Number of protein chains: 2
Amino acid sequence: MKKNLSKQKVIHAASSLFFQKGFHGTSVRDIAQRAKVNVSSVSYYFNGKQGLLEYAVTKYYEEYLETIEAILKATENWSAIDRLNELIFTIIQYKQSKLQLTCFIQRELTLDSIFVREMTITYLAKENFHIRTAFFNVLAGKKLPGDERDYLLMQLKGMLITPYILHNEWKDRVIGDYSHEVFVKKYVATIQNWLKFIVENEDVSDKFQGK
Amino acid sequence: MKKNLSKQKVIHAASSLFFQKGFHGTSVRDIAQRAKVNVSSVSYYFNGKQGLLEYAVTKYYEEYLETIEAILKATENWSAIDRLNELIFTIIQYKQSKLQLTCFIQRELTLDSIFVREMTITYLAKENFHIRTAFFNVLAGKKLPGDERDYLLMQLKGMLITPYILHNEWKDRVIGDYSHEVFVKKYVATIQNWLKFIVENEDVSDKFQGK
DNA sequence: TTCTGTCGAACGAAAGTTACAGGATTTCAA
DNA sequence: TTGAAATCCTGTAACTTTCGTTCGACAGAA
């Protein structure tokens, strides 16, 4: 069963290089060289460079959504706040487990291309729906004016991606599996602490309205 | 005085295209075509594509740091919290005023290249110092264990870049100059509200320590 | 054989850059 | 003010390199 051994090597090398140099900044020859396979293997297995990208991103998001939806199903009768907290933990944990791919995809999604728009429709819309629903359920009891909910949602979503944007500043601190665990635990706690404030604070909207 | 008219056109076209398709995803012929100038103009004025990048980024950060340091000097005898609030406002306002360049540079900084490392040493280190100092001055009165300050700082820095990472999700809401103003006002208020919580809350570290 | 994977070599296209000619503009001495 | 030299800018066309992809040959497994 040595089947698809090269395929795996290509994926691994590509993840690493895309993360480091970006999609357009990486050539198939770079990938082949690092994976120690022939150049033509990329086209053979993935139908070209673009196909390799689609394969990796699709696989990432399929698993991501699967994980999210599983945790939402498993916590159906929890309180809204507990559910959201669990969701946050799950998301950060997943992203941390595929650190390079997460950073790379996060970066690529800031582009404006046909591929990004397709991914947005297929996956990001679902992700956004889950987070939004879970967050708004927590906020259900509070009376927040107009678009303040949206700004808070943006703040939350920002916290979920920050470590993977500012990765260059933090890579020194997170080395090895142990550090990963510690980071997830502490960072999730930081977010959940913010969340607690949002829920408990009564007059969040004072400043917001410019009073 | 029609001098350097082409130069300006190139910069404008490049900012727009780099923002949309990324640095490596944009060709000099793309830029020349949109700017309606000749291909060779890019090399003539900027010493090649890489030179164009360096010119744009350097100019952006020179002005950015100048703005930041000016506001820090002008608020020298303010209270720590007022100063930080003013700093946050200034940063968001500047970034919003150069939206496309901000988004592009933010994305490019997630790469791992010689150029990024140089920018980090030359500019990001200074930016980080200013934000860090201003933030830690606010936190001076509080006793926070170990690395919690760092996690909070990360959270703050994340808030300062979030709109320019999640720009694709928000571009529909911010169109025209009026919306820009409104956005700055509301988003800054959201951050400052978070900050207020950080300062006032006594037991931020409970959850953090895993208790 | 037949199928699957691997390899080197080569292809055309597109990349960034440059050489050079010609036009436009500025400079400056007469 | 004038005219010529110097400088700046633009355009064409080509160059070299590198890109992604494909072809055909070959080897091992089914």
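Source: prediction; values computed, not measured. Chain A is the first sequence line, chain B the second, and so forth, proteins listed ahead of strands; every chain is numbered from 1.
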Please pick, from C/dG16, D/dG20, D/dT10, the nucleotide with the shortest atom-to-atom distance to any side-chain atom of A/S27.
D/dG20
Rounded to whole Å, how long is the line connecting atom CG of A/L53 with atom P of D/dT21?
12 Å
Any carboxylate oxygen within less than 4.0 angstrom of a Lys/Arg side-chain nitrogen, looking at B/K126 and B/E69?
no
If you check the A/K49 side chain, which of C/dA19, D/dA14, D/dT21 turns out closest?
D/dT21
Separation of D/dA27 atom C1' from A/Y44 atom OH, nearest Å, is 13 Å
Grab the OH-P distance between A/Y45 and D/dT22 for me, whole Å please.
17 Å
Nearest-nucleotide check on DNA chain D, B/V37 vs A/T26; residue mapping nearer the 5' end is B/V37
Whole-Å distance separating the CG atom of B/N38 from the C1' atom of D/dC8:
15 Å
Atom NE2 of B/H24 to atom C1' of C/dA15: distance rounded to whole Å?
12 Å
Side-chain heavy-atom pair A/K95, A/Y64 within 4.5 angstrom cut-off
yes
Between the side chains of B/Y94 and B/T102, does any donor sit under 3.5 Å from an acceptor?
no
Separation of B/Q33 atom CD from D/dT12 atom P, in whole Å?
13 Å
Ring centres of B/Y164 and B/F19 under 6.0 Å apart?
no
Return the value, rounded to whole Å, for the distance between atom CD of A/Q8 and atom C1' of C/dG5.
15 Å
DNA chain C: A/R29 or A/S40, which has the more 5' nearest nucleotide?
A/S40
Of the listed nucleotides D/dT10, D/dT21, C/dT17, the one nearest the side chain of B/V28
C/dT17
CG of A/L5 versus P of C/dC7: gap in Å, rounded?
12 Å
